[in-house]
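Notes follow the structure.
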Amino acid sequence: MVSGLLAAGAIASAGPVAAEDIPQHQGGATATLDGLTTFDRAVLHDGGRRHELPAGLFEMTVDGGGRLKTYCVDIHNPTQAQARYLETPWEQTSLGHNGDAGKIRWILEHSYPQVDDLVALAERAGTGLLSERTAAAGTQVAIWRYSDEAEVEALDPAAEQLADWLEENAEHVEEPRASLSLEPNAVSGKAGGRLGPITVRTDADRVTVAPPADSAASGVIVTDQAGSPLTTAVDGSMLYFDVPDGATGGSAALSLQATTNVPVGRAFSGVTKSQTQILAGSSRSTVSATATATWADRGPIPAITAKKNCAAGGIDITATNRGDEQFTFRLQGLKHAIAPGESRTVTVPVPEDQAYDFAITGPGGFSKSFKGVLDCKTTGSAGPLPDQPAPQPSAFSAGGTGIDDNLAATGASGATPVIVGTAIALVVVGGAVVLFVHRRKAPSEED
């Protein structure tokens, strides 16, 4: 076996299965950060230094329609202008290792903007007069105390009293359900049967199921467990690709979409390195998810998925073989063999806060790529900080933006320009590059 060095863009594309750039996203809302829009000021005490910074609500524009309001849960990590964000389970962010994540959700549900009667909020919390700006600042400060264990206080006395009240009264609340996700999002099997199941998880009342784009030509349809064609689904629905007997080997994708309010407390992680956000409010927004199926009449028939594994500090690549011959693939220069009917998960280690870009290659020109950024921890102390914020946005911008009111009014972020994630080289050293290899029997097509 030859050690592999996979740099940015080194993706095989020959053969019937072309490589794709696949972010580790199980579905939900995808959005673009517009900037910090409703905020006041706070003071962060860090390493013996006093740093004044903005604290408040960000806004995002959802792909397909909708608006989101979010707070930051990584005080030392700056946002990047117009950064792309994906709805993400807590376990794939710093919240997954934070025993106080449930308290953060409680704060979101009991403060601004979920509670928009600021007079009532002020009476309940025993503060002075609250404005939208000071209510947002106090809420953000309380969140930072739990998300980053930061020593931070709001400058406005009423905002500081609100932060104290929220911190003292917060209770543990469970993580909210995903707005929309599919488990798993890739299946495989022989032609002439139903491939699946794919289970729908959603907070929406109903989602629309779009059939494969070439279903008329291929004859592939999406059905329920009984084999009846489906055009809509609900939480818990099980979907199948029904592939006609004799169909030429190939692949197809289905997509699901709904318009719903994304649940408060859902995490959003950046596609590139940008501070993790947590949802404080949502308009009716478009959410979506996709799943793929691969089939053949004989030989190896693989399905490959990937997701972040923050506990292990890497990316889980799961390969399942539903064919009748062994499927072999190479990952990081090492060869893996998956017997018929089996599945294997390989965890590829990736340094925290680093971009990754690597490919899986197999027989017949099979190639699939995975890329993204592993962001599983809060940044922690940013080191020495200036006593006062710079008049122009700097590389470090705690809370994600400068404090120029004109920028905030236009919705523009004062963060530094987008830092393009540079793909890291992952080098095989001997045979010890792969962690946590698990074997399990894949479910039968009858399941």
Rounded to the nearest 0.5 Å, what separation is found between the [atom1] atom of [X] and the [atom2] atom of [Y]?
X	Y	atom1	atom2	result
R284	T259	CZ	OG1	6.5 Å
N261	D203	CG	CG	9.0 Å
F329	F366	CZ	CZ	9.0 Å
L130	S111	CG	OG	8.0 Å
E52	R41	CD	CZ	5.0 Å
C376	D353	SG	CG	9.0 Å

What about the rings of F39 and F58, do their centers lie closer together than 6.0 Å?
no

Are side-chain N/O atoms of [X] and [Y] paired as donor and acceptor at under 3.5 Å?
X	Y	result
T294	S188	no
R67	S283	no
S179	E87	yes
H76	D46	yes
R84	T272	no

Is [Y] close to [X] at the side-chain level, that is, under 4.5 Å between some pair of heavy atoms?
X	Y	value
T139	I107	yes
P211	V209	no
V62	T30	no
I143	I104	yes
Q257	T286	yes
I317	V348	yes
L162	Y112	no
V350	V373	no

Set out, in order, the CA-CA distance, both residues' side-chain angles and the distance that settles side-chain hydrogen bond (donor to acceptor under 3.5 Å, both in side chains) for Q82 and Q80, then state yes or no.
CA-CA 6 Å; Q82 295 296 297; Q80 306 304 327; over 6 Å; no

Tell me, with the steps shown, if T70 and Q277 meet side-chain hydrogen bond (donor to acceptor under 3.5 Å, both in side chains).
CA-CA 6 Å; T70 62; Q277 304 278 312; 2.7 Å; yes

In terms of relative ring orientation, are W106 and W165 parallel, tilted or perpendicular, with 30° and 60° separating the classes?
tilted

Main-chain N/O of [Y] paired to [X] side chain as donor or acceptor, under 3.5 Å:
X	Y	answer
R206	A233	no
T93	L95	yes
S181	A178	no
D148	I75	yes
N98	Y146	yes
Q140	C72	yes
Q275	N77	yes

Ignoring hydrogens, what is the shortest heavy-atom contact between [X] and [Y]? Give both atom names and the distance.
X	Y	answer
L68	S285	CD2-OG, 4.0 Å
A204	A258	CB-CB, 4.0 Å
Y71	P113	OH-CD, 4.1 Å
A267	W90	CB-CD1, 3.9 Å
Y85	S274	OH-OG, 2.8 Å
T88	S269	OG1-OG, 2.7 Å

[X] and [Y] ion-paired at < 4.0 Å:
X	Y	value
R105	E175	no
K103	E171	no
E352	K377	no
K308	E91	no
E160	R145	yes
R177	D235	yes

Checking D40 against T134 for the side-chain hydrogen bond (donor to acceptor under 3.5 Å, both in side chains) test, could you report, in this order, the C-alpha distance in whole Å, the side-chain angles of both residues, the deciding distance, and whether it holds?
CA-CA 6 Å; D40 202 71; T134 56; over 6 Å; no

Evaluate the criterion side chain to side chain contact (heavy atoms under 4.5 Å, CB included) for residue pair Q114 and L108; output intermediate values, then yes/no.
CA-CA 7 Å; Q114 285 301 301; L108 294 167; 5.6 Å; no

Take V234 and V200, measure what side chain to side chain contact (heavy atoms under 4.5 Å, CB included) needs, and give me the verdict at the end.
CA-CA 7 Å; V234 297; V200 178; over 6 Å; no

What do the steps show when you test Q26 against Q92 for side-chain hydrogen bond (donor to acceptor under 3.5 Å, both in side chains), and what is the final call?
CA-CA 11 Å; Q26 282 73 57; Q92 295 181 36; 3.1 Å; yes

Matching residue for I198 among L256, L182, N185, T292 - test: side-chain contact (heavy atoms from CB on, under 4.5 Å)
L182

Where do D224 and L239 land on the side chain to side chain contact (heavy atoms under 4.5 Å, CB included) test, with the steps shown first?
CA-CA 5 Å; D224 61 14; L239 311 182; over 6 Å; no

A quick test of your reading: do over 12 heavy atoms of other residues, nucleotides or ligands sit less than 6.0 Å from CG of D117?
yes

Per side-chain hydrogen bond (donor to acceptor under 3.5 Å, both in side chains), T345 is matched among T305, D316, T318, N309 by T318

Would E342 and N321 count as a side chain to side chain contact (heavy atoms under 4.5 Å, CB included) here? Give the steps.
CA-CA 6 Å; E342 289 193 346; N321 180 12; over 6 Å; no

